[in-house]
2 protein chains.
Amino acid sequence: MASQPTLKQLRYLCAVAQSLHFGKAAKACFVTQSTLSAGINELEQVLGAALLERSNKQVLLTDTGRKTVARSQHILSDIEALKEDAIRAQTPLSNSVRIGIIPTITPFILPRVLPTLHKDFPNLQLLIREDLSENLASLLLQGELDVLLLALPYPVNNTTSYHLFNDPFVLAYPTGHPLGEVKQLRTRDLKGHDILLLENGHCLRDHALEACKLQSSQLSLAFEATSLHTIVPMVANGVGISLLPEMAINEGILSGTKNVSTKEFTESGVWREIGLLWRAKSPRDSEYRLLGEYFKNNSSSE
Amino acid sequence: MASQPTLKQLRYLCAVAQSLHFGKAAKACFVTQSTLSAGINELEQVLGAALLERSNKQVLLTDTGRKTVARSQHILSDIEALKEDAIRAQTPLSNSVRIGIIPTITPFILPRVLPTLHKDFPNLQLLIREDLSENLASLLLQGELDVLLLALPYPVNNTTSYHLFNDPFVLAYPTGHPLGEVKQLRTRDLKGHDILLLENGHCLRDHALEACKLQSSQLSLAFEATSLHTIVPMVANGVGISLLPEMAINEGILSGTKNVSTKEFTESGVWREIGLLWRAKSPRDSEYRLLGEYFKNNSSSE
DNA sequence: GCGATGCCATTGGAAAAACCGATCAGTTAC
DNA sequence: GTAACTGATCGGTTTTTCCAATGGCATCGC
């Protein structure tokens with residue numbers, strides 16, 4: 001014996017309330033009269049209350065019946081809304097996407113991408129969390145974040161990565177620095193110079209070292225900075241040289257700064273790879289690919 | 001293939017959302033894991049959306065899943081409330097009762113009954129409609145009223161009647177009128193006198209005539225009044241005699257009136273019967289009997 | 001009167017579903 | 001490697017749902 005009302009029963013009840021006729025109500029519910037009758041009976045059993053007053057002549061609602069019908073209609077329309085919304089929400093990139101981005105990317109990609117993103121996917125709510133790769137990866141695996149925008153490779157178990165583009169490292173040096181004389185800049189030219197990098201934990205640091213095929217020990221690490229924006233004035237003041245991501249320069253990190261020159265490396269491969277990362281099992285895989293494609297097409301300066 | 005979410009499915013979903021573990025959720029729902037798994041799958045099918053993100057390690061809610069869980073919890077608690085309220089409402093006389101009363105009863109019974117009624121059944125909401133018997137009967141059959149307080153007999157198809165008490169007719173005459181001299185008043189003494197009664201449609205009129213075993217033709221009908229309260233001053237002014245229900249006198253319809261005397265009949269049966277009437281099939285039959293018992297015990301002047 | 005009609009309730013059997021136990025496939029832990 | 005867990009899947013059984021037919025009751029039309 002069931003002890004909870006069924007949605008079907010509530011539908012039956014509402015149908016009867018509308019026509020005050022079992023036969024018509026049954027037709028409206030696409031069942032036979034006997035089925036509907038049994039359903040109503042069971043509902044009354046469960047509620048321990050008479051909802052309808054039957055006579056051979058007519059069907060009437062009891063007081064409890066009237067109230068129950070009103071509540072049922074609310075519940076049924078709630079169910080309908082739940083379903084409709086869930087289905088509607090399946091349009092790609094129409095819900096919230098919780099994205100984690102590392103601080104060495106955020107300020108140089110969002111200003112370029114966000115405005116058009118909102119225009120192209122008006123129903124997408126991008127929730128952004130900025131943190132170090134390690135913390136973001138943890139949040140991703142906990143399900144607190146949906147997708148990460150990182151410098152790759154960054155190994156995380158059971159994740160899918162999506163390559164966006166390569167972001168070359170550019171040498172930044174105080175104007176007049178000896179390296180300014182080098183015509184064909186190569187990474188080995190950096191050896192022995194005072195070099196400013198971000199503090200430990202920032203993957204930019206590791207990627208820069210790796211891209212330049214350098215060990216920490218081969219460099220004179222002048223100072224460990226906490227953000228790229230604090231490195232620039234230090235370079236300008238002659239504290240040392242640094243390696244800046246091209247996207248930061250394109251986005252104007254040097255604008256208004258004097259005494260800092262830049263030079264690109266002639267070698268290939270002196271870059272960090274920028275990509276997206278998400279849980280491999282995520283059912284929104286295709287959405288994230290779509291998001292990736294969008295970033296790829298809209299984040300470069302061309 | 002079902003196209004609507006089931007309450008069971010929503011319950012399964014909420015259980016999984018709570019423990020984030022199919023096995024534990026299944027146990028909480030008293031089903032096997034396979035059953036729960038199938039239920040969740042079907043729900044996702046119906047909604048056309050992934051609600052949960054399964055991996056071998058953990059279960060996570062998707063964005064749509066989170067929203068669906070929230071809505072489901074609301075719906076489930078609504079269902080619970082519907083059930084609870086319907087059950088609670090079954091306490092006798094705890095809902096609204098729509099009662100119809102004729103104008104020759106209302107003012108003489110309600111002031112006496114209502115105050116204690118509300119005290120004894122605080123959850124009873126008595127909705128009162130005053131009209132002629134004929135109109136009330138029609139409303140009763142239409143289901144617009146639940147119970148009638150009438151003078152009986154009043155034949156209505158498919159109704160149950162409940163005897164409350166007999167309300168004797170009392171002769172009211174201008175002080176000094178010849179009938180004042182009669183020691184043992186009998187109904188036949190009325191013949192030939194100018195008698196004031198209510199206009200047609202009021203059952204009081206018919207019942208008075210019937211109780212006195214008189215035909216209209218045997219009386220000199222002085223005037224047809226619209227309410228008992230207008231009859232009293234006419235008697236006082238010597239327009240004629242009248243028959244007043246005892247309950248009206250007990251309730252003080254003559255208080256403050258001079259020149260009107262009353263005299264009871266010595267015969268038995270000179271009364272109208274007061275009773276309740278309701279649809280025979282009404283599921284609240286026992287409640288109405290209870291109400292009747294209450295009226296019986298609390299409407300007399302003793 | 002008296003059969004025809006219309007109403008909801010009930011019944012018995014057939015169709016559908018829900019459910020379970022066992023197994024599978026994949027990952028983690030040791 | 002193996003054992004331990006995870007959720008998914010597969011047959012088979014049990015349960016539920018559903019229908020068509022029937023029943024009981026009152027009314028309507030003649």
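Letters A, B, ... mirror the listed sequences (proteins, then strands); counts begin at 1.
Per the geometry, CG belonging to B:L141 stands 11 Å off P belonging to D:dT27, to the nearest Å. Residue A:I40 contributes atom CD1, which lies 16 Å from atom P of C:dC7 at whole-angstrom precision. For B:L52 and D:dT6, the CG to C1' distance is 14 Å, given to the nearest whole Å. Across the protein-nucleic acid pair, A:Q58 atom CD and D:dT27 atom P stand 11 Å apart, rounded to whole Å. To the nearest angstrom, C1' of C:dA17 lies 12 Å from CD of B:Q9. Between B:K27 atom NZ and D:dC5 atom C1' there is a gap of 13 Å when expressed in whole angstrom units. Rounded to whole Å, atom C1' of C:dC8 lies 10 Å from atom CG of A:L36. The nearest whole Å value for the distance from the CG atom in A:L51 to the P atom in C:dC8 is 15 Å.
Residue contacts for B:G39: at a heavy-atom cut-off of 4.0 Å it reaches no nucleic acid atom on any strand shown.
Contacts of A:R54 classified as side-chain hydrogen bond (donor to acceptor under 3.5 Å, both in side chains), with partners at least two apart in sequence or in another chain: A:N41, A:E44.
At a cut-off of 3.5 Å, with distance as the only test, a side-chain donor of B:T32 or B:S34 sits close to an acceptor on the other residue. Neither side chain, A:W278 nor A:D146, offers a donor N or O lying under 3.5 Å from an acceptor on the other.
Ring centers of A:Y294 and A:F121: under 6.0 Å apart, within the cut-off.
For the pair A:L13 and A:S72, the tightest heavy-atom approach, listed with the atom from each and the gap, is CD2-OG, 4.2 Å.
When the nucleotides C:dG21, D:dG7, C:dA18 are ranked by their closest atom to the side chain of B:F22, D:dG7 comes out on top. The side chain of B:S37 has D:dG7 as its nearest neighbour among C:dA9, D:dC18, D:dG7.
For the side-chain contact (heavy atoms from CB on, under 4.5 Å) criterion with A:L148, the lone passing option out of A:I101, A:L136, A:I102 is A:L136.
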B/S/- contact track for nucleotides 23-30 of chain C, protein heavy atom under 4.0 Å:
---BSS--
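Dashed line: the shortest gap from a side-chain N or O of A:R54 to OP1 or OP2 of C:dC7 is not under 4.0 Å. A sub-4.0 Å separation between OP1 or OP2 of D:dG7 and a side-chain N or O of B:N41 is absent. Between A:T35 and D:dC18, a side-chain N or O to OP1/OP2 separation shorter than 4.0 Å is absent. Under 4.0 angstrom from either OP1 or OP2 of C:dC19 there lies at least one side-chain N or O belonging to B:K8. The phosphate of C:dC19 has OP1 or OP2 within less than 4.0 Å of a side-chain N or O from B:Y12.
If B:S34 and B:H21 are placed on DNA chain D by their nearest nucleotide, the residue sitting closer to the 5' end is B:H21.
Contact check for B:L43 versus B:Y12: no side-chain heavy atoms found under the 4.5 Å cut-off.
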